[in-house]
Number of protein chains: 2
Amino acid sequence: MTGLRANNLRPAHECLAQRFQSWSSGEFDLGLCPVRGILDRLGDKWTTLIVIVLAQRPHRFSEIRRSIPDISKRMLTQTLRDLERDGMITRRVFPTKPPSVEYGLTELGESLLEPLAQLVTWAEKSQPKIATARSAFDAAEASRG
Amino acid sequence: MTGLRANNLRPAHECLAQRFQSWSSGEFDLGLCPVRGILDRLGDKWTTLIVIVLAQRPHRFSEIRRSIPDISKRMLTQTLRDLERDGMITRRVFPTKPPSVEYGLTELGESLLEPLAQLVTWAEKSQPKIATARSAFDAAEASRG
DNA sequence: TAGGCCTGGTCTAGATTTTAGACCAGGAAG
DNA sequence: CTTCCTGGTCTAAAATCTAGACCAGGCCTA
């Protein structure tokens with residue numbers, strides 16, 4: 001027993017630990033961490049969904065709304081603006097009869113697809129386990145009163 | 001020109017497209033998609049941060065709060081409960097003088113670390129590009145009045 | 001010429017979510 | 001007897017999100 005147990009089995013721990021320690025080490029605190037800002041944005045409830053929709057092909061405003069029926073116009077506009085500001089998508093206006101606007105991923109936006117796909121894969125794979133855990137938790141809670 | 005261009009360069013597109021299509025194909029709509037529910041949870045602003053903190057080692061309630069100074073007690077309690085319900089973390093109470101509670105990742109929680117680490121790596125790598133894009137966007141907007 | 005519909009939004013009011021911080025029980029230390 | 005520690009709960013106010021009315025402007029129908 002050296003204090004190092006199964007160290008070689010935990011590369012993700014190592015990676016995150018390293019990052020976290022550099023984030024919280026003296027010079028800047030988590031509250032100001034730019035990576036955290038980016039993660040917050042990705043967690044925006046609509047952001048990832050829009051990126052996934054645009055991953056198929058460029059879409060027009062109303063097309064996105066049809067793909068994601070429960071987003072409000074306001075949030076769609078705002079999320080698209082934020083994504084555009086962050087350089088993740090482009091916005092192109094076409095002078096058609098009723099003017100149309102097309103949104104598409106930039107190279108930066110496309111580079112997000114790989115990590116995002118991994119997360120989606122994880123979510124899909126873990127979904128049954130999570131559902132089981134939820135049922136168990138709820139049942140235990142109910143039986144406790 | 002067959003209509004298939006650089007198809008082998010876009011595995012993430014393929015993966016996401018496949019998923020998205022199966023989500024939105026007839027039988028269930030995006031609004032009910034369980035994967036989306038999971039992604040929403042991960043985007044909870046605090047969830048990923050807490051998972052990253054617990055990736056180092058198990059932590060006590062107040063320890064987590066010290067690691068993430070700007071989370072309120074209420075949200076910390078709530079997020080921890082949600083994570084526990086989803087089977088991502090365990091909660092163990094020790095009958096010490098002032099009772100202490102330790103939170104740690106389950107196997108399921110640990111399995112999230114890999115995709116999460118990839119996302120964090122992406123965020124870290126992309127952060128300069130995003131910062132540049134933001135400045136450019138803001139400058140363009142300001143110059144337009 | 002009026003009316004309706006399409007586009008991509010903006011705006012407002014109400015609902016929901018998050019925050020800050022007071023409060024609590026119970027044991028220890030001074 | 002007061003103060004501090006633990007891990008929370010609760011409430012009121014602030015921030016955010018939703019639903020849906022509204023808008024300009026061009027087209028179609030009659």
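Quick caveat: nothing in here was measured; it's all calculated off a predicted structure. Throughout, protein chains are lettered first and strands after them, A, B, ... in sequence-line order, and every chain is numbered starting at 1.
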| task | Hey, could you give me the CH2/CD1 distance between Trp46(A) and Ile71(A), rounded to the nearest 0.5 Å? | result | 5.5 Å
| remark: Rounded to the nearest 0.5 Å, the CZ atom of Arg65(A) sits from the CG atom of Leu76(A) at a distance of 7.5 Å
Return a table of donor-acceptor pairs under 3.5 angstrom between the side chains of residues 111-121 of chain B and protein atoms on other chains or two or more places apart.
from	atom 1	to	atom 2	distance (Å)
Ser111(B)	OG	Trp122(A)	NE1	2.9
Ser111(B)	OG	Leu108(B)	O	2.6
Thr121(B)	OG1	Ala117(B)	O	2.8

| task | For Ile50(B) and dT18(C), give me the distance from atom CD1 to atom C1', rounded to whole Å. | result | 14 Å
| request: Please name all residues satisfying side chain to side chain contact (heavy atoms under 4.5 Å, CB included) with Ala123(B), sequence neighbours left out, ordered by chain then number. | output: Val35(A), Ile38(A), Leu39(A)
| task | Could you tell me which residues satisfy side-chain hydrogen bond (donor to acceptor under 3.5 Å, both in side chains) with Arg92(B), sequence neighbours excluded, listed by chain and number? | result | Glu102(B)
Measure all distances between protein nitrogen or oxygen atoms and nitrogen or oxygen atoms of nucleotides 6-15 of chain D, and list the pairs falling under 3.5 Å.
from	atom 1	to	atom 2	distance (Å)
dT6(D)	O3'	Arg60(B)	NH2	3.2
dG7(D)	OP1	Arg60(B)	NE	3.3
dG7(D)	OP2	Ser62(B)	N	3.4
dG7(D)	OP2	Ser62(B)	OG	2.1
dG8(D)	OP1	Arg91(B)	NH2	2.4
dG8(D)	OP2	Tyr103(B)	OH	2.7
dG8(D)	N7	Lys73(B)	NZ	3.0
dG8(D)	O6	Lys73(B)	NZ	2.4
dT9(D)	OP1	Arg81(B)	NH2	3.3
dT11(D)	O4	Arg74(B)	NE	3.2

| remark: Within residues 41-48 of chain A, the residues having a heavy atom closer than 4.0 Å to DNA chain C are none
| Rounded to whole angstroms, how far apart are CG on Asp40(A) and C1' on dT16(D)? | 14 Å
| query | Can you check the Ile68(A) CD1 to dA19(D) P distance for me, whole Å? | reply | 14 Å
| task | Please state how far atom CG in Asp70(B) lies from atom P in dA20(C), giving the value in whole angstrom units. | result | 8 Å
| task | Send over the distance from Met75(B) CE to dT16(D) P, rounded to a whole Å. | result | 14 Å
| message | For the helix from dT1(C)-dA30(D) to dG30(C)-dC1(D), what angle separates the axis at the start from the axis at the finish, each from five pairs, in steps of 10°? | response | 20°
| query | Which residues pass the side chain to side chain contact (heavy atoms under 4.5 Å, CB included) test with Thr90(B), sequence neighbours left out? | reply | Thr106(B)
| request: Name all residues meeting the side chain to side chain contact (heavy atoms under 4.5 Å, CB included) criterion together with Ser135(A); count only those two or more places apart in sequence or in a different chain, and write none if there are none. | output: none
| Partners passing side-chain hydrogen bond (donor to acceptor under 3.5 Å, both in side chains) against Asp44(B) (at least two apart in sequence or in another chain) | none
| message | From CZ of Arg65(B) over to C1' of dC5(D), roughly how many Å is that when rounded to an integer? | response | 13 Å
| said: Applying side chain to side chain contact (heavy atoms under 4.5 Å, CB included), can you list everything that pairs with Thr77(A), at least two apart in sequence or on another chain? | reply: Phe61(A), Arg81(A)
| request: Identify, with sequence neighbours excluded, every residue that meets side-chain hydrogen bond (donor to acceptor under 3.5 Å, both in side chains) alongside Asp138(A). | output: Arg85(B)
| message | Distance check needed: dC5(C) C1' versus Lys97(A) NZ, whole Å only. | response | 14 Å
| said: Run the side-chain hydrogen bond (donor to acceptor under 3.5 Å, both in side chains) test against Arg134(A) and tell me which residues pass, sequence neighbours left out. | reply: Asp86(B)
